[in-house]
There are 2 protein chains.
Amino acid sequence: MSGEDRVSIGLSAAIVAVEGEQPSVLVVSHEGSADALPFGPFDPAQQRTLESGLRKWVGEQTKFDLGYTEQLYTFGDKGRHTPAGGDKAHQAGARVVSVGYLALTRQVQEAPETQWRGWYHYLPWEDWRDAKPAMIDGVILPALKKFVKNAPNAETADLRRERINLCFGESWDEERVLERYELLYEAGLVEEFYRDSGQKTGKSPTLGTAMLYDHRRILATAIARLRGKLKYRPVVFELMAPTFTLLELQRAVEALAGLRLHKQNFRRLVAEQGLVEGTGKFSAPARGRPAELFRFRREVLKERQAPGVRLGARRAKPG
Amino acid sequence: MSGEDRVSIGLSAAIVAVEGEQPSVLVVSHEGSADALPFGPFDPAQQRTLESGLRKWVGEQTKFDLGYTEQLYTFGDKGRHTPAGGDKAHQAGARVVSVGYLALTRQVQEAPETQWRGWYHYLPWEDWRDAKPAMIDGVILPALKKFVKNAPNAETADLRRERINLCFGESWDEERVLERYELLYEAGLVEEFYRDSGQKTGKSPTLGTAMLYDHRRILATAIARLRGKLKYRPVVFELMAPTFTLLELQRAVEALAGLRLHKQNFRRLVAEQGLVEGTGKFSAPARGRPAELFRFRREVLKERQAPGVRLGARRAKPG
DNA sequence: CCGAATAATACTCATTTCGAGTATATATGT
DNA sequence: ACATATATACTCGAAATGAGTATTATTCGG
């Protein structure tokens, strides 16, 4: 391998927390530049593993101690690491391969230059908790129809139709977050598409808030992975306070999944699975009957095969 | 980013096929050196994406046209990319970050220098189709008991006990392939451990056939991913001939999962899910009633949410 | 041609899980 | 006391699951 084969490795992390009903991601925002995930170069001389490099970098940049982390995906696409403005760290010519990570935390203090932002700012079509987002029928589907019409030939038109149906068709699969973002990117419904290709923004509006580099793609990957993992591993608890009511737990799951769940069945599920145990203490709500405070039963990590909070029944409205 | 931050990217692929009852992986074997997955450097100047780099490299090295591919994981651990013998391509000091891929194929022709080998040669404890592999009780668990005993303190001993229970305890989770390999690595039950650390091989024997670099780890990751994906995406069909009997399909799933399944329920499952359709033609078996030949219903990729071949009931013996 | 062996396919049945409720209990504010 | 809000318990039919038994279509050895 010669020196010309060498590239820089960039590490980016989608650091996720849930505050009440809002799933949030930690972003670094400088004036004039798009929001970014905390990111930095991997220093092969200093670090033994990619993950230790990430922890060090994030620690320095955000004063954050990462708990649960998981590698997401390694992106190496040429052209999708274009900064919006000039950026001395990543100049033209230096090829950057970016390794995305997901991290979960319950700490919520902010560091300088960073802030928590609800992740649905970036991917607003993903939040179905109250209702199907109006932009899907209002903006996305009409624009995607044009995208089919503009296909160079009948075959690609067919492929596009299929993808549209899978992503935004009758049945909503909450896990296809990345596929949806990529489809909107290719269809030019997202600012990054114009930035990366050097084209002018088209007639149709771009959706959601853009991010630096391919960070929105990494965020989409993170959400997709988290939504999937939720169902077969008890990862939500990484995001909860040590004790919580069952409704708080449900709201957290709903926030992440972007869906409403059936309350009675949800509690049956977590109880049957032995995921939680009562503390005997109770919450003091402003209104209504106090709820018992539960804690995560850490033992399940050792006991069961693959316990998770299955989503089960979905409701249009909170119940 | 300065030049010192740069690293080489190595791409490795676990290319998988199933022949009859044997799940196989394509390996490159030179005399004197351990088996390796097809691998090569990523050339950032020539390739637009990591995956296109992989396809090009694999094409050149094995004359193989990859069909379904999926990125697995990016490993960057210092010390785990040590070649067995001298290897001019990866000299000491050059840090290599290796991106592993899974590819599925039904072509079975071999290229020069490559051959198909059953993947259970490398991970023999993963095949539970006939019975629980004798080496688990005979070799692995006793050696792991020593591993607990040798723990530096009570806390790590506890952690090790838990991991052992999760990996090799009463209930077998066929997806924990990587966790098991990593545990055996750390416990010194696998040749790569001694190679990477420069220690002499211990008293207890090492298990399975070793591979070059971290390729056995990538293979373990590939199997784990494939076993998981099997259940919720119709990926088996990438490995099947255009038409097949239901038993052939079942045998392929069993080969991948390393488990036996209940025949009648398996066919009910694939039928109900609409994964296959009969062709009206029949197989001509040496013995027994001829079975109808089925084909994969490609339409399901567009229709259903997440169809896959769920494993369902498990049998000790083929039924 | 008969019957054993082998495999495919059909059908049954109890149990569990799921989805969607209704019913009841315990708070607060007026 | 009562309206409202929330928690929690319980019910019930539908569907999925696990483990069979029963029947059918072949080949092979006499």
Side-chain angles (χ1 to χ4, degrees), chain A residues 20-21 171-172 231-232 243-251 253-254 257 259-294 304-319, chain B residues 20-21 171-172 231-232 243-251 253-254 257 259-294 304-319:
Chain A
E21 309 233 345
S171 74
W172 181 255
K231 293 165 194 158
Y232 61 94
T243 69
F244 45 83
T245 69
L246 293 181
L247 187 60
E248 284 165 358
L249 181 65
Q250 184 184 338
R251 292 289 180 248
V253 173
E254 289 173 341
L259 293 171
R260 287 288 168 205
L261 305 177
H262 182 285
K263 188 174 178 175
Q264 296 91 324
N265 290 349
F266 179 84
R267 64 167 34 237
R268 173 176 66 185
L269 216 69
V270 293
E272 274 174 1
Q273 296 239 106
L275 290 170
V276 297
E277 62 190 357
T279 62
K281 296 183 181 171
F282 288 80
S283 69
R287 297 181 303 279
R289 174 174 166 178
E292 187 167 7
L293 291 168
F294 289 80
R304 307 194 108 264
Q305 286 270 81
V309 181
R310 301 217 257 345
L311 298 190
R314 290 147 190 201
R315 293 181 63 97
K317 287 282 161 192
Chain B
E21 308 234 348
S171 75
W172 181 256
K231 293 165 193 157
Y232 60 94
T243 69
F244 46 81
T245 69
L246 292 181
L247 188 59
E248 283 165 359
L249 181 65
Q250 184 183 338
R251 291 289 180 248
V253 173
E254 288 173 342
L259 293 171
R260 287 287 168 206
L261 305 177
H262 184 285
K263 188 174 176 175
Q264 296 92 324
N265 290 349
F266 179 83
R267 65 171 31 240
R268 173 175 67 186
L269 216 70
V270 292
E272 274 175 1
Q273 295 239 106
L275 290 172
V276 295
E277 62 191 357
T279 62
K281 296 182 182 172
F282 288 80
S283 70
R287 296 182 305 280
R289 174 173 168 178
E292 185 167 8
L293 292 168
F294 289 79
R304 307 194 109 264
Q305 286 270 79
V309 181
R310 300 218 257 347
L311 298 190
R314 288 146 191 202
R315 293 181 63 97
K317 286 282 160 191

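Chain naming here is simple, since letters A, B, ... match the order of the sequence lines and numbering starts at 1 in each.
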Check your understanding: Could you state the NZ-P distance from A:Lys263 to D:dA5, rounded to the nearest angstrom?
Key -> 12 Å

Give me, pair by pair, the N or O atoms of the protein and of nucleotides 26-29 of chain D that are less than 3.5 Å apart, along with how far apart they are.
| from | atom 1 | to | atom 2 | distance (Å) |
| --- | --- | --- | --- | --- |
| D:dT27 | O3' | B:Ala286 | O | 3.2 |

Review point. Whole-Å distance between D:dA22 P and B:Arg267 CZ?
Key: 19 Å

Practice item. Working to the nearest 0.5 Å, report the span between CG of B:Leu246 and CZ of B:Phe294. Key: 4.0 Å

Review point. If you check the A:Arg268 side chain, which of D:dA19, D:dT8, C:dC18 turns out closest?
Key: C:dC18

Review point. Atom NE2 of B:His262 and atom P of C:dA8: how far apart are they, to the nearest Å?
Key: 14 Å

Check your understanding: CD of A:Glu254 to CZ of A:Phe266: how many Å apart, nearest 0.5 Å?
Key -> 7.5 Å

Revision key, fill the gap. Here the pair of heavy atoms bringing B:Pro285 nearest to B:Gly288 is CG-O, 3.5 Å

Check your understanding: What residues, two or more places apart in sequence or in another chain, satisfy side chain to side chain contact (heavy atoms under 4.5 Å, CB included) together with B:Arg268?
Key -> B:Asn265, B:Glu272

Practice item. Take atom CG of A:Leu249 and atom P of D:dA7, then tell me their distance rounded to the nearest Å. Key: 12 Å

Taking only N/O atoms, report every protein-nucleotides 1-4 of chain C pair under 3.5 Å with atom names and distance.
none

Exercise for review: Consider the side chain of B:Leu247, meaning its heavy atoms from C-beta on, and name the nucleotide among C:dA8, C:dT9, D:dA7 that approaches it most closely.
Suggested key: C:dA8

Return all side-chain donor-acceptor pairs below 3.5 angstrom for residues 274-284 of chain A, not counting sequence neighbours, or 'none' if the list is empty.
| from | atom 1 | to | atom 2 | distance (Å) |
| --- | --- | --- | --- | --- |
| A:Glu277 | OE2 | A:Arg295 | NH1 | 3.3 |
| A:Thr279 | OG1 | A:Lys281 | N | 3.1 |
| A:Thr279 | OG1 | A:Leu293 | O | 2.8 |
| A:Ser283 | OG | A:Ala291 | N | 3.0 |
| A:Ser283 | OG | A:Ala291 | O | 3.3 |

Revision key, fill the gap. Taken in chain and number order and not counting sequence neighbours, the residues that satisfy salt bridge (charged side-chain N to carboxylate O under 4.0 Å, His left out) with B:Glu21 are B:Arg251, B:Arg260

Review point. How close or far is atom P of D:dA16 from atom CG of B:Asn265, stated in whole angstroms?
Key: 13 Å

Study note, to complete from the structure: Between CZ of A:Phe266 and P of D:dA7 the distance, given in whole Å, is 12 Å

Practice item. Please confirm whether the backbone N or O of A:Arg267 pairs with a side-chain atom of A:Gln250, one donor and one acceptor, at under 3.5 Å? Key: no

Point to revise | A:Gln273 CD to C:dT16 P, straight-line distance once rounded to whole Å | key: 16 Å

Practice item. Calculate the interatomic distance between A:Gln264 atom CD and C:dA25 atom C1'; express it in whole Å. Key: 14 Å

